[in-house]
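Numbers here are sequence positions counted from 1. Since the structure is predicted, the reported quantities are computational estimates derived from the model, not experimental observations.
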Amino acid sequence: MFLIVLVIPVLAAILAAGYFLVVSMTDDPDPAPAPPETPQATVISNVSSPESDAGTPEPNAGTSETGSLTDLMSYAPDRLSDGSLPLPEVATYSNISAWLRYQGLPEGSLTEDQAASLALPPILAGRGLDSEWEATYGFSLADVDQVLAIGQAPDYIMVLRGQFDSDAMMAAWTSGAYQAVAVDGTTIWSVHPVETDAVDLSNPSSRLAMGSFNNLVLLEDGTLIATAKFSRMQSVLPVINGEAPSIAANGDIEMLLELEAGDRGYLTAVIARGDFLESAPADTRVTLPAATSSDRGANTVATPDPGEMPEVRMVLFGLMAPDDTVREATPVATPSPDVAAVVTLALVLDEDVVAGTMDAIGSRFETEISLTTGEPFADSWTLSGSISDEDSPLLEIEMMATSTFIDWIQLVDNRDFGFLTWTGNETP
């Protein structure tokens with residue numbers, strides 16, 4: 001355990017991952033394979049009412065509190081193992097209802113400004129509150145309590161929990177461009193049933209969400225699953241039917257999710273592969289001048305070489321309330337601008353956590369300048385780290401801002417965690 005001191009501006013905007021227009025996804029180098037023994041889908045002709053339903057899978061057996069990060073990840077296939085994630089980013093999660101409570105606001109009061117402060121898929125944050133969105137998909141982002149997105153735009157698997165009106169949703173789907181497709185007793189509502197994974201953005205139901213809601217399944221427990229690719233939805237079905245492991249059962253992910261088992265839960269979080277923090281040997285980080293560094297205290301040491309940090313396999317950047325706001329049913333009495341949130345950095349290392357790792361991180365932190373703020377990290381945050389088990393590769397670090405909010409997602413967006421970087425192999 002170590003403690004270091006710092007301060008940073010207030011939390012506001014969150015991961016604004018770059019979203020791009022995709023007309024065809026047939027060139028995906030890592031298409032998700034259809035699950036074994038999945039029968040060919042059959043289009044159900046002349047679907048004219050919400051009652052014309054081929055059935056939905058049984059609710060997934062939740063492994064933790066409903067709507068938590070752990071719970072929603074239990075609905076998605078392990079895309080880390082199947083090699084279908086070409087970029088480091090693995091997942092984003094937002095507990096919208098808890099975020100509103102943390103702000104001292106009532107349920108359903110989400111605004112575009114509030115949505116911009118959460119790790120949401122950009123198309124959902126930007127268009128999800130539009131009347132056109134609600135008319136097309138039968139729900140608004142204001143109806144959503146929690147959102148998990150696995151993958152990168154536009155090839156997402158989204159898991160949404162909320163206050164959904166199933167009749168309104170299916171009425172919108174049947175009156176739009178969706179067709180009901182029966183796959184092994186499950187109804188998939190698709191704009192491109194039994195076709196290639198191409199996305200025809202001339203279709204209004206596809207274009208509005210940039211293809212992300214091309215395939216929809218509404219489960220009996222009220223969970224909505226959305227995918228851009230039909231094959232992605234086929235890979236989800238065995239998971240929600242309990243016939244295949246979820247990404248929550250992946251060994252590295254499982255270790256990260258253990259941190260949610262306490263009294264607090266995540267308001268929002270970003271999970272990435274360890275190469276998110278990898279730097280080339282020639283990379284340099286901005287550090288304090290030697291004179292300034294020495295003025296900060298006798299215990300300040302020179303910045304260690306990045307190679308002293310062991311390889312990181314997986315990392316979670318999460319925002320937690322300092323209390324049990326996430327699990328409370330009513331808004332907090334004091335609005336969140338008066339309450340500092342806690343940024344949790346959880347790393348799964350390639351080797352057991354050792355004291356030297358903690359020392360290297362602490363030394364770097366004391367001497368490094370944030371690229372986002374231009375100020376020393378140690379002037380903006382209080383940093384503490386802990387090892388629950390010396391034989392575990394899991395390292396948990398908490399950053400507490402001494403001011404109220406900070407734009408913490410900009411740190412993630414800028415990969416502004418130089419004190420955690422490890423050195424990869426030189427590219428030939």
- Item | 4.5 Å side-chain heavy-atom contact, V315 and I271 | no
- Message: Whether the side chain of N241 engages the backbone of P238 through a donor-acceptor N/O pair (distance < 3.5 Å, no angle test) should be reported.
- Response: no
- Message: Using side-chain heavy atoms (C-beta onward) and a distance below 4.5 Å, is L345 in contact with F419?
- Response: yes
- Task: Answer yes if the side chains of Q179 and W189 hold a donor-acceptor pair under 3.5 Å, and no otherwise.
- Result: no
- Message: Ring-plane angle category for F139 and F164, please: parallel below 30°, perpendicular beyond 60°, tilted otherwise.
- Response: perpendicular
- CG of L347 to CD of E396: how many Å apart, nearest 0.5 Å? 10.5 Å
- Between S94 and T268, is any side-chain donor less than 3.5 angstrom from a side-chain acceptor? yes
- F377 and I369, any side-chain heavy atoms less than 4.5 Å apart: no
- Message: Are the side chains of L259 and L394 in contact, using a 4.5 Å heavy-atom criterion?
- Response: yes
- Task: Go through the side-chain N and O atoms of E398 and S384 and say whether any donor and acceptor fall under 3.5 Å apart.
- Result: no
- Answer yes if the side chains of S97 and N95 hold a donor-acceptor pair under 3.5 Å, and no otherwise. yes
- Task: Scan side-chain atoms only and decide if T66 and D71 contain a donor-acceptor pair under the 3.5 Å cut-off.
- Result: no
- Which residues pass the side chain to side chain contact (heavy atoms under 4.5 Å, CB included) test with T136, sequence neighbours left out? E132, S205, L208
- Query: Residues two or more places apart in sequence or in another chain: which of them pass ring pair (Phe, Tyr, Trp, His ring centres under 6.0 Å) with Y137?
  - Reply: W133, F213
- Check the pair D221 / Y75 against side chain to side chain contact (heavy atoms under 4.5 Å, CB included), numbers first and verdict last. CA-CA 12 Å; D221 65 358; Y75 287 76; 2.6 Å; yes
